[in-house]
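In what follows, a single structure is set out as structure tokens and then discussed.
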Number of protein chains: 2
Amino acid sequence: MTSPAVSSRALPHPEHDEIRLEDVLHALSEPMRLRIVRELAAASGELSCSHFDLPVTKSTTTHHFRVLRESGVIRQVYRGTAKMNGLRRDDLEELFPGLLDALLDAAGRQAGRLAP
Amino acid sequence: MTSPAVSSRALPHPEHDEIRLEDVLHALSEPMRLRIVRELAAASGELSCSHFDLPVTKSTTTHHFRVLRESGVIRQVYRGTAKMNGLRRDDLEELFPGLLDALLDAAGRQAGRLAP
DNA sequence: CGACTCGTACGATAGGCATCGTAGTACGGT
DNA sequence: ACCGTACTACGATGCCTATCGTACGAGTCG
């Protein structure tokens, strides 16, 4: 009943200085992925993939999480059968100060504007 | 030799409240377009399309400018044979405060980091 | 072991998009 | 009227990607 250990299954992440702005923007330009990132930011912790209830199949969900990971936006790690996801806040903040907050704020404003 | 008047040729732009964050991010996730926007921001005025010396053909350049315009990032207007381009700073700032500056800063940092 | 859950891999499909070349339009100057 | 410049329109091409379904692997719990 102890929380499951981190599995040894490898998940390739870009290093801190391999993160590219274009990739980050491309990752976040997809509504589904932007939504994931917003939820992740709101949770301010790690969330399992299955926590998200997205209007797409599991295959597609896996795809979107991979894009987010490979662009450097999130960090993923296996914990038992679950795969936990967390925002790479520190890396992004150091590379692009203020960007993530501005993006989240922008997304929040637009959401409020479009669905009052 | 007075400066040519604005032509009546129509160029469809999204209205202020038709601008979508996803479209803006998608537009800026393309290196060529991000570069255009950075030059435009640095010039802090209007620039003609032909001012830009991009490593693609003119067809492709036209395409990129159209994407930027249709996403609401820039405003285009004909002035004689030239087509002038300007950043929609005010609209973007009102919709997404701080976002454009954060993006430009991020792009600048990355450029400095990758080409020292 | 066996069943169940979570997530992956792979192939297929359909649509989007960056790019080019060529042919054409709009405008300004001579 | 003519020419040159600036940009566009259109079609083609090849790549990328969002989506799905099915079959499979890894881990947990009984």
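Any value given below was found using the heavy atoms of this structure, including those in side chains, with hydrogens, waters and symmetry copies removed. Reminder, nothing fancy here: chain letters follow the sequence lines and each chain counts from 1. All values derive from a computational prediction rather than experimental measurement.
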Closest approach to the side chain of [X], judged atom by atom: which nucleotide of [options] is it?
{"X": "B:Tyr78", "options": "D:dA18, C:dG7, D:dC7", "value": "D:dC7"}
{"X": "B:His63", "options": "D:dC7, C:dT19, C:dC6", "value": "C:dT19"}
{"X": "B:Ala82", "options": "C:dG7, C:dA18, D:dC7", "value": "D:dC7"}

Would the distance check show the side chain of [X] and the main-chain N or O of [Y] forming a donor-acceptor pair, the cut-off being under 3.5 Å?
{"X": "A:Glu93", "Y": "A:Gly98", "answer": "yes"}
{"X": "B:Arg113", "Y": "A:Asp17", "answer": "yes"}
{"X": "A:Asn85", "Y": "A:Gln76", "answer": "no"}

OP1 or OP2 of [N] under 4.0 Å from side-chain N/O of [X]:
{"X": "A:Thr57", "N": "D:dC20", "result": "yes"}
{"X": "A:Thr60", "N": "D:dC20", "result": "yes"}
{"X": "B:Thr61", "N": "D:dC7", "result": "no"}
{"X": "A:Arg66", "N": "C:dG7", "result": "no"}

| said: Quick check on contacts: within residues 23-33 of chain B, what sits under 4.0 Å from DNA chain C by heavy-atom distance? | reply: B:His26, B:Glu30, B:Met32, B:Arg33
| message | Taking donor-acceptor contacts at under 3.5 Å, does the side chain of B:Thr81 reach the base of C:dG28? | response | no
| said: Please classify the nucleic acid contact of B:Ser59 as base, sugar-phosphate, or nothing, using heavy-atom distances under 4.0 Å. | reply: base
| task | For side-chain contact (heavy atoms from CB on, under 4.5 Å), just list the numbers for A:Leu40 and A:Leu47, CA-CA rounded to whole Å, side-chain angles, deciding distance to a tenth of an Å, and then say yes or no. | result | CA-CA 7 Å; A:Leu40 232 36; A:Leu47 293 179; 3.7 Å; yes
| query | Is the closest side-chain heavy-atom distance between A:Arg33 and A:Val73 below 4.5 Å? | reply | no
